[in-house]
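Down below is the structure, laid out as structure tokens.
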Amino acid sequence: MFMVDEAMAAAVRRAFDERGEWPAVTELRRHVCIDDNAEALRVVRTIASWRRSPEASRRPPA
């Protein structure tokens, strides 16, 4: 189990959007140790689907 912060999610999404799934897997593996390709790809697809909610962007920074 691991936590994904906004910077890591942004890096994975950027790799996914610009270069595709497998480069995004490589980016994910720069941050966390995942040995299983299928699991890493599933995590990348999940992170790539995340987008900030409009409500979150309206909140003042903590």
V4 vs H31 side-chain heavy atoms within contact, under 4.5 Å:
no
Under 3.5 Å, sequence neighbours excluded: what are the donor-acceptor pairs made by side chains of residues 16-24?
unit_1: E21; atom_1: OE1; unit_2: R45; atom_2: NH2; d: 3.2
unit_1: E21; atom_1: OE2; unit_2: R45; atom_2: NE; d: 2.7
unit_1: E21; atom_1: OE2; unit_2: R45; atom_2: NH2; d: 3.2

Minimum heavy-atom distance D36-A38, with the two atoms named:
OD1-N, 2.8 Å
Not counting sequence neighbours, which residues clear side chain to side chain donor-acceptor pair (under 3.5 Å) with N37? List them please.
R29
Who passes side chain to side chain donor-acceptor pair (under 3.5 Å) against R14, sequence neighbours left out?
none
Could you please spell out the steps behind the side-chain contact (heavy atoms from CB on, under 4.5 Å) verdict for M8 and V32?
CA-CA 10 Å; M8 181 175 138; V32 295; 4.1 Å; yes
T26: side chain to side chain contact (heavy atoms under 4.5 Å, CB included) partners, not counting sequence neighbours
none
Between A40 and L28, the two heavy atoms sitting closest are O-CD2, 3.8 Å
At their closest point, which heavy atom of E27 faces which heavy atom of A11, and how far apart are they?
OE2-CB, 3.5 Å
Contact summary for V44 and V12, nearest pair of heavy atoms
CG2-CG1, 4.3 Å
